Asker: 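Take a look at the following structure, please.
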Amino acid sequence: VVSQYRYRGIAQTKGDPALQGGVDYANANGFYAGAWASTIKWIKDAKVGTGTTAKGPVELDLYGGYKFEAAGVAYDVGYLRYQYVGNTYKDADAANVNANTDEVYGAATYGVFTAKYSHAFSNLFGYKGSRDSHYVDLSANFDLGNGYSLVPHVGRQVVEGSNSSMSYNDYALTLNKDFGDGLSASVAAIAVSGQASLFQALQQSGYNTAKDAIVVGVKYSF
């Protein structure tokens, strides 16, 4: 459970809480697969130009990949499908296409530092003509002891095509606490460099999905 769902810095639930969950399988040979889901509100709140309000209350992510290590560096390569279940995002406005998105990614971790690159080979989250958009993610994970860890992050989302003005940077600083027995909590400060007016224009309510935020979460793993 999180106080709101932010992805790559952008609000997915109009500032409201979200319920999330997932399942993963990892083989000893390095191959893995999984699924993760969250409630969302950004599709229902999408700008309406056709008179039809869009539907799509759930995001379902399906992914698989391979992890391996070489010369002291841990690598992770894979594929991720963002499936917005039953979404009608393209019906809300002529400028939209289906929100479902396909990406491939590659990451490298050395010590506490991780760099990741994600590349969309479909349109990106409903932006028409945005194929080949990409996201660069740089982060670190510092163990503070006693179950605490601190994770600084900076990312750059590049939107290709006629929506290139929607490209932005996002920043986050997350403090995690592991309480043991599968229970953990987090608090994150999040900021986005994008212009508020551009993001507000995408939503019926005028909600600024790029506004600064503090997000609190509690997670149980088993």
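The chain is numbered in sequence order, starting from 1. Quantities reported herein were computed from a predicted structural model and do not represent experimental measurements.
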Asker: How many angstroms lie between atom CG of Leu175 and atom OG of Ser149, to the nearest 0.5 angstrom?
Answerer: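 That separation rounds to 7.0 Å.
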Asker: Look at the side chain of Lys211 and the backbone N and O of Ile10, then say whether any donor-acceptor pair between them is shorter than 3.5 Å.
Answerer: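 Not at all, since once roles are kept as given, no pair shorter than 3.5 Å links the two residues.
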Asker: Please check if atom NZ in Lys177 has more than 12 non-hydrogen atoms from other residues, nucleotides or ligands closer than 6.0 Å.
Answerer: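 Atom NZ in Lys177 is packed in, count exceeds 12.
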Asker: Between Trp42 and Tyr89, is the gap from one ring center to the other below 6.0 Å?
Answerer: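 Yes, ring centres under 6.0 Å apart.
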Asker: Do any N or O atoms from the side chain of Ser193 and from the backbone of Asn169 form a donor-acceptor pair under 3.5 angstrom?
Answerer: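 Present.
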Asker: Is there a donor-acceptor contact under 3.5 Å linking the side chains of Glu103 and Tyr135?
Answerer: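 No pair is found: no donor N or O on one side chain lies under 3.5 Å from an acceptor on the other.
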Asker: Could you tell me whether Phe199 and Tyr168 have their ring centroids closer than 6.0 angstrom?
Answerer: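 Aromatic pair counts; centres sit under 6.0 Å.
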Asker: Can a side-chain donor-acceptor contact be found between Asp143 and Tyr148 if the only test is distance below 3.5 angstrom?
Answerer: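 There is no such pair between these side chains.
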Asker: Test side-chain hydrogen bond (donor to acceptor under 3.5 Å, both in side chains) on Asn123 and Asn98 and set out the steps.
Answerer: CA-CA 8 Å; Asn123 286 302; Asn98 193 297; over 6 Å; no
Asker: Under a plain distance cut-off of 3.5 Å, with no hydrogens placed, do Thr52 and Asp91 share a side-chain donor-acceptor pair?
Answerer: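 Note: Asp91 and Thr52 side chains miss the donor-acceptor criterion.
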Asker: Please work out which of the three classes, parallel, tilted or perpendicular, describes the rings of Tyr7 and Phe125, given edges at 30° and 60°.
Answerer: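 Because their plane-to-plane angle is over 60°, the rings of Phe125 and Tyr7 count as perpendicular.
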Asker: Mind checking whether Phe68 and Tyr66 have parallel, tilted or perpendicular rings, split at 30° and 60°?
Answerer: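 Judged by the thresholds at 30° and 60°, the geometry between Phe68 and Tyr66 is parallel.
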Asker: Using ring centroids (six-membered ring only for Trp), state whether Tyr63 and Tyr79 fall under 6.0 Å.
Answerer: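 Ring centroids of Tyr79 and Tyr63 are no less than 6.0 Å from each other.
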Asker: Inspect the surroundings of CG in Asp181 and state if more than 12 heavy atoms from other residues, nucleotides or ligands are less than 6.0 Å away.
Answerer: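 Atom CG in Asp181 is not crowded, with 12 or fewer foreign heavy atoms closer than 6.0 Å.
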Asker: Examine distances only and state if a side-chain atom of Gln204 and a backbone atom of Ala46 form a donor-acceptor pair shorter than 3.5 Å.
Answerer: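 At least one qualifying donor-acceptor pair exists.
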Asker: Do Glu160 and Tyr127 pass the side-chain hydrogen bond (donor to acceptor under 3.5 Å, both in side chains) test, and can you show the C-alpha distance, the side-chain angles, and the key distance before you say yes or no?
Answerer: CA-CA 9 Å; Glu160 296 291 352; Tyr127 290 117; over 6 Å; no
Asker: Using only atom types and a distance under 3.5 Å, with no angle test, would you say the side chain of Ser3 pairs donor to acceptor with the backbone of Val216?
Answerer: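 Checking the backbone N and O of Val216 against the side chain of Ser3, a donor-acceptor pair under 3.5 Å is found.
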Asker: Just do the side-chain hydrogen bond (donor to acceptor under 3.5 Å, both in side chains) check on Tyr5 and Asp16 with the steps written out, would you?
Answerer: CA-CA 8 Å; Tyr5 173 26; Asp16 295 331; over 6 Å; no
Asker: Please determine whether a side-chain nitrogen of the Lys or Arg among Asp170 and Arg8 lies less than 4.0 Å from a carboxylate oxygen of the Asp or Glu.
Answerer: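 Salt bridge between Asp170 and Arg8, a charged N being under 4.0 Å from a carboxylate O: no.
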Asker: So, Asp24 side chain and Gly34 main chain: donor-acceptor pair closer than 3.5 Å or not?
Answerer: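 Judged by distance alone, no pair lies under 3.5 Å.
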Asker: Please examine the side chains of Asn141 and Ser139, heavy atoms only from C-beta on, and report whether any two atoms are closer than 4.5 Å.
Answerer: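 A side-chain contact is absent here, since even the closest heavy-atom pair is not under 4.5 Å.
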Asker: His119 pairs by side-chain contact (heavy atoms from CB on, under 4.5 Å) with which of Val104, Asp102, Val158?
Answerer: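 Exactly one candidate clears the test, Val104.
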Asker: For the ring pair Tyr117 and His134, is the centre-to-centre distance below 6.0 Å?
Answerer: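 Yes - the distance between ring centres of Tyr117 and His134 falls below the 6.0 Å cut-off.
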Asker: Is it the case that over 12 heavy atoms from other parts of the model lie below 6.0 angstrom from the CD atom of Gln20?
Answerer: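 More than 12 heavy atoms, drawn from other residues, nucleotides or ligands, come within 6.0 Å of this atom.
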